[in-house]
Amino acid sequence: MRAALSRAVPLVAAVAAAVPAVPALPADLGERTLERGDRGDDVRQLQELLTDLDLRTGADGTFGADTVAHVKTYERREDLPVDGRVSPGQARGMQRRVADADDQLSPTDPVASGPADPAPATAGTYPVDGAHTYGDGFGDRGGHKGQDVMADCGLPLRAVKDVTVRRVATEVAAGRYIVLHDSDSGEDYVYMHMSAVDVAVGDTPRAGAKVGEVGRTGDATACHLHFEEWTEPGWYAGGHAKDPVAFLRSLGGS
């Protein structure tokens with residue numbers, strides 16, 4: 001009996017060793033870096049996410065050439081390193097971008113591209129109508145994309161140029177904010193943390209017109225305007241943020 005058992009144990013071990021272990025594929029997007037050739041539910045989730053980002057991709061669960069091309073398009077659009085791979089951090093950023101878009105713009109909200117007959121360019125108006133100082137600047141605290149102009153809550157905010165209102169929205173970090181488009185330069189100007197908004201999408205305020213009031217909505221610990229300047233063609237539309245201090249000082253800012 002002992003001899004039979006001793007012969008059986010090695011046989012079972014040999015059979016177990018002959019069966020290859022099949023690694024479990026990650027179930028959720030963000031658990032691994034995805035690249036060409038990968039397969040699984042997380043790849044399918046990535047493909048659905050790309051479609052939500054206006055990069056229509058077939059959700060077949062295979063990271064093929066089409067998916068690589070759309071990932072690279074997203075990376076160029078967001079000014080990221082272009083390698084066609086999606087790290088867990090990049091996946092989370094894509095998910096936040098979709099969530100922000102859902103919060104900021106409903107399907108019925110129009111997005112204006114600019115007036116058909118733009119008015120002549122003007123010298124411009126400083127955005128804060130009242131006493132102010134400068135706080136955190138461009139590039140401070142990591143990815144700070146604008147200049148904080150510290151001022152009392154409730155002070156009027158003015159259009160810096162003759163502009164068209166491209167977006168009016170509320171977001172967790174930015175609070176109430178607006179995006180103004182200058183058709184002459186192709187640039188966008190973004191005002192964040194507003195306590196009140198006096199314009200709507202499609203409005204065309206002239207330079208100096210009141211567009212809202214200084215506030216501390218969103219992720220703000222003090223009353224201020226977070227002001228961003230984006231190059232042509234504008235805010236998250238292919239342009240990039242640049243340091244707005246020179247522009248603000250040209251408008252008479254302290």
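The nearest pair of heavy atoms linking Gln45 to Leu29 is OE1-N, 2.7 Å. Nearest approach of Thr125 to Gly208, heavy atoms of both residues: OG1-N, 3.3 Å. When all heavy atoms of Ala159 and Val163 are compared, the pair lying nearest together is CB-CG2, 4.1 Å. Ser195 and Gly154 make their closest contact through OG-N, 4.3 Å (heavy atoms, listed as atom of the first residue, atom of the second, distance). The minimum heavy-atom distance linking Pro127 with Leu225 is given by the pair CB-CD2, 3.8 Å. Minimum heavy-atom separation, Gly238 to Pro233: C-CD, 3.6 Å.
Both Val68 and Leu49 sit in one connected hydrophobic cluster of ILVMFWY residues. Membership requires side-chain heavy atoms under 4.5 Å apart, directly or through other members. Tracing side-chain contacts under 4.5 Å through hydrophobic residues (I, L, V, M, F, W, Y), one never reaches Met150 starting from Tyr134; they form parts of separate clusters. With hydrophobic clusters built from ILVMFWY side chains whose heavy atoms lie under 4.5 angstrom apart, Leu251 does not share a cluster with Val245.
By the 30° and 60° cut-offs, the orientation of the rings of Tyr236 relative to Trp230 is tilted. Ring planes of His132 and Tyr126: parallel class, angle under 30° (limits at 30 and 60°).
A side chain to side chain donor-acceptor pair (under 3.5 Å) with Gln47 is found for one member of Thr67, Asp66, Thr57 and no other, namely Thr67.
Counting heavy atoms from C-beta outward, Lys145 and Val190 have side chains that stay 4.5 Å or more apart. Lys210 places none of its side-chain heavy atoms less than 4.5 Å from the side chain of Asp129. Contact of the Lys242 side chain with the Glu187 side chain is registered, since non-hydrogen atoms from C-beta on lie closer than 4.5 Å.
Judged purely by distance below 3.5 Å, without hydrogens or angles, the side chains of Arg176 and Thr170 never pair a donor atom with an acceptor atom. Donor-acceptor pairing under 3.5 Å is recorded for the side chains of Thr231 and His240.
Between Tyr191 and Tyr177, the distance from one ring center to the other does not fall under 6.0 angstrom.
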>> side chain to side chain contact (heavy atoms under 4.5 Å, CB included), that's the test. Do Asp188 and His181 meet it? Break it down for me.
In response: CA-CA 4 Å; Asp188 280 351; His181 180 70; 2.7 Å; yes
> Can Ile178 and Val197 be said to form a side chain to side chain contact (heavy atoms under 4.5 Å, CB included), step by step?
Replying inline: CA-CA 8 Å; Ile178 59 175; Val197 174; 3.8 Å; yes
> Could you go step by step and tell me if His224 and Arg216 meet the side chain to side chain contact (heavy atoms under 4.5 Å, CB included) rule?
Replying inline: CA-CA 6 Å; His224 73 284; Arg216 56 178 297 178; 5.7 Å; no
> Can Val160 and Leu180 be said to form a side chain to side chain contact (heavy atoms under 4.5 Å, CB included), step by step?
Replying inline: CA-CA 9 Å; Val160 292; Leu180 307 179; 5.7 Å; no
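No donor-acceptor pair closer than 3.5 Å links the side chain of His193 to the backbone N or O of Val214. Put simply, the side chain of Thr62 never gets that close to the backbone of Arg39: no donor and acceptor are under 3.5 Å apart. In this structure, Asp162 contributes its side chain and Arg206 its backbone to no donor-acceptor pair below 3.5 Å. In this structure, Gln147 contributes its side chain and Glu228 its backbone to no donor-acceptor pair below 3.5 Å.
Using a cutoff of 4.0 Å between basic side-chain nitrogens and carboxylate oxygens, Lys161 and Asp184 are not scored as salt-bridged.
Between the CG atom of Asp198 and the CD atom of Glu213 there is a distance of 6.0 Å, given to the nearest 0.5 Å.
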